[in-house]
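We're numbering straight along the sequence, starting at 1.
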Amino acid sequence: MQYQWYPGHMTKAKRQMQEDLKLIDVIIELVDARIPHSSKNPDIDTMATGKARVILLNKADLADREKTARWKAYYEAEGYFVVTVNSKSSAGVKEVEDAVKKACQEKIERDRKRGIQNRPVRAMIVGIPNVGKSTFINAFAKKAITKTGNKPGVTKGKQWIRLNKSVELLDTPGILWPKFEDQSVGLRIALIGSINDEILVTTELGFELCNFLTEQYPGALSAKYGVEEDEDGNVMLERVARARACLKKGGELDIEKAAGFVLDDFRNGKIGCFTLEMPE
Ligand code: G4P
């Protein structure tokens with residue numbers, strides 16, 4: 001299966017983001033904690049030269065906690081400020097403000113030396129579709145006292161959310177496109193449900209997922225579906241189909257339906273909390 005995804009509107013989104021980047025001091029980049037590498041577009045690094053950087057490992061509630069800690073340490077060693085968050089429940093969201101301030105410490109200091117005081121740092125959220133940008137902005141903005149509204153001249157047409165005296169957030173996120181460096185990146189993005197399902201083959205994804213889980217998290221599928229584990233994804237899908245009575249009209253097993261169940265359960269964290277890739 002070939003995974004490809006580069007909708008035309010991404011070009012426009014990139015141009016818009018380059019404009020917005022001129023207005024801000026710090027980039028808050030959301031990645032999916034289940035696939036921190038595959039959900040991160042490396043092009044942002046060249047677009048973001050000179051900006052302070054914060055990475056949020058979002059959807060941490062769905063990821064393997066121990067592996068999330070390793071990813072956090074990995075990105076910190078690369079010089080990022082990293083926060084683990086669950087934007088849906090707001091867990092960890094409070095810590096983001098602190099990370100933003102730390103990331104901008106140098107700039108705040110520079111301003112102070114020039115006699116500029118209390119100029120808020122300006123932040124922008126970026127990330128690939130479905131990574132949780134809107135959810136995070138909503139969670140973050142809940143604490144916001146006011147939306148600052150348009151500021152003619154400086155921020156024409158832009159809405160800023162003022163979190164406090166020291167941080168303002170651009171309320172429209174920058175959309176990055178996933179970068180398909182190799183097919184495994186595409187596969188992982190498909191597995192977490194960030195590519196339109198209609199262009200994908202459910203059965204094949206289900207097969208790949210079963211293979212991954214039996215290898216990396218043995219026992220997870222058998223615990224969820226009450227079936228014996230087998231390292232062959234096809235056999236697993238057949239067993240799930242039987243266990244869940246996924247049958248076609250003539251009584252034949254409906255493997256596609258079973259694959260759909262497994263994928264949905266995985267994406268919603270109902271099989272467990274898993275991370276699909278590691279830094280190494
Ligand atoms: P985007 O702006 O980056 O495109 O993403 P968006 O916020 O729309 O979030 C995409 C989906 O991810 C939403 O689910 C949202 O609820 C979910 N989500 C965001 N952050 C988290 C998180 O930290 N943990 C979990 N478990 N889910 C998260 P949806 O099914 O599209 O909508 P809904 O049914 O949840 O409203």
Side-chain angles (χ1 to χ4, degrees), residues 1-5 30-40 57-68 70-71 86-89 127-132 135 178 180 182-278:
M1 185 172 11
Q2 290 279 65
Y3 304 100
Q4 238 147 38
W5 193 47
L30 263 81
V31 298
D32 191 303
R34 294 166 295 176
I35 51 166
H37 169 74
S38 297
S39 59
K40 189 176 186 319
L57 294 164
N58 192 40
K59 305 200 186 183
D61 53 310
L62 300 175
D64 181 326
R65 195 183 281 236
E66 186 258 329
K67 291 185 177 169
T68 300
R70 279 162 65 188
W71 273 107
N86 168 359
S87 300
K88 219 166 163 175
S89 74
I128 67 168
N130 213 36
V131 75
T135 312
F180 295 92
D182 58 56
Q183 288 298 302
S184 66
V185 168
L187 171 65
R188 288 171 194 153
I189 290 171
L191 284 175
I192 64 158
S194 282
I195 307 183
N196 273 347
D197 264 337
E198 68 217 54
I199 60 165
L200 297 165
V201 187
T202 306
T203 310
E204 207 163 328
L205 281 180
F207 164 78
E208 297 283 359
L209 181 59
C210 287
N211 281 346
F212 171 81
L213 289 176
T214 47
E215 193 194 315
Q216 295 290 324
Y217 294 96
L221 284 171
S222 62
K224 170 69 184 166
Y225 299 105
V227 296
E228 204 188 318
E229 207 126 317
D230 191 287
E231 60 189 29
D232 181 343
N234 285 320
V235 176
M236 283 311 285
L237 287 177
E238 277 171 26
R239 288 181 183 169
V240 172
R242 228 170 263 123
R244 286 291 149 108
C246 303
L247 300 174
K248 290 186 187 163
K249 265 196 187 132
E252 191 191 334
L253 289 177
D254 191 340
I255 301 298
E256 191 179 354
K257 193 169 171 191
F261 271 137
V262 179
L263 280 171
D264 273 356
D265 287 341
F266 165 75
R267 288 170 183 168
N268 294 320
K270 288 183 182 158
I271 306 176
C273 298
F274 307 117
T275 298
L276 299 181
E277 59 191 15
M278 288 307 295

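Annotation for Ala259 and Leu237: closest pair CA-CD2, 3.8 Å, computed over non-hydrogen atoms. Annotation for Ser38 and Ile189: closest pair O-CD1, 3.4 Å, computed over non-hydrogen atoms. Between Leu221 and Val227, the shortest heavy-atom contact is O-CG2, 4.4 Å. Asn130 and Lys59 make their closest contact through O-NZ, 2.8 Å (heavy atoms, listed as atom of the first residue, atom of the second, distance). Nearest heavy atom pair, residue Ala60 against residue Ala33, reads CA-CB, 3.9 Å. Between Cys273 and Ala63, the shortest heavy-atom contact is CB-O, 3.1 Å.
Ring orientation note: the planes of Phe266 and Phe274 are close to parallel, at an angle under 30° on the 30°/60° scale.
In this structure, Asp265 contributes its side chain and Lys270 its backbone to no donor-acceptor pair below 3.5 Å. Side chain of Ser39 to main chain of Asp32: a donor-acceptor pair is present (N/O by atom type, distance under 3.5 Å, no hydrogens or angles). Side-chain N or O atoms of Arg34 include none that pairs as donor or acceptor with a backbone N or O of Leu62 at under 3.5 Å. The backbone N or O of Val185 sits less than 3.5 Å from a side-chain atom of Asp182, completing a donor-acceptor pair. The main-chain N or O of Thr275 is found under 3.5 Å from a side-chain atom of Tyr217 such that the two form a donor-acceptor pair. Between the side chain of Trp71 and the backbone N or O of Glu277 there is at least one donor-acceptor pair closer than 3.5 Å.
In summary, the side chains of Thr214 and Glu229 do not present any donor paired with an acceptor at a separation below 3.5 Å, with no hydrogens or angles considered.
Within the 4.5 Å cutoff, the side chain of Asn58 has no heavy atoms near those of the Val31 side chain. A 4.5 Å side-chain heavy-atom check between Met278 and Gln216 finds every atom pair outside the cut-off. Side-chain contact between Arg244 and Tyr225: present, with at least one pair of heavy atoms (C-beta onward) separated by less than 4.5 Å.
Here OG1 of Thr68 is found 9.0 Å from CZ of Arg65. Values are rounded to the nearest 0.5 Å. One distance of note links CG of Asn211 with CG of Asp230; it measures 9.5 Å at 0.5 Å rounding. A distance of 12.0 Å separates CG of Leu57 from CD1 of Ile35, quoted to the nearest 0.5 Å. Note: Lys88 NZ to Asp61 CG = 7.5 Å, rounded to the nearest 0.5 Å.
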Go through Ile192 and Leu276 one step at a time and tell me if the side chain to side chain contact (heavy atoms under 4.5 Å, CB included) criterion holds. CA-CA 9 Å; Ile192 64 158; Leu276 299 181; 4.3 Å; yes
Walk me through it: do Ile128 and Leu30 pass the test side chain to side chain contact (heavy atoms under 4.5 Å, CB included)? CA-CA 8 Å; Ile128 67 168; Leu30 263 81; over 6 Å; no
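Remark: Glu228 CD is loosely packed, at most 12 non-hydrogen atoms of other residues, nucleotides or ligands lying under 6.0 Å away.
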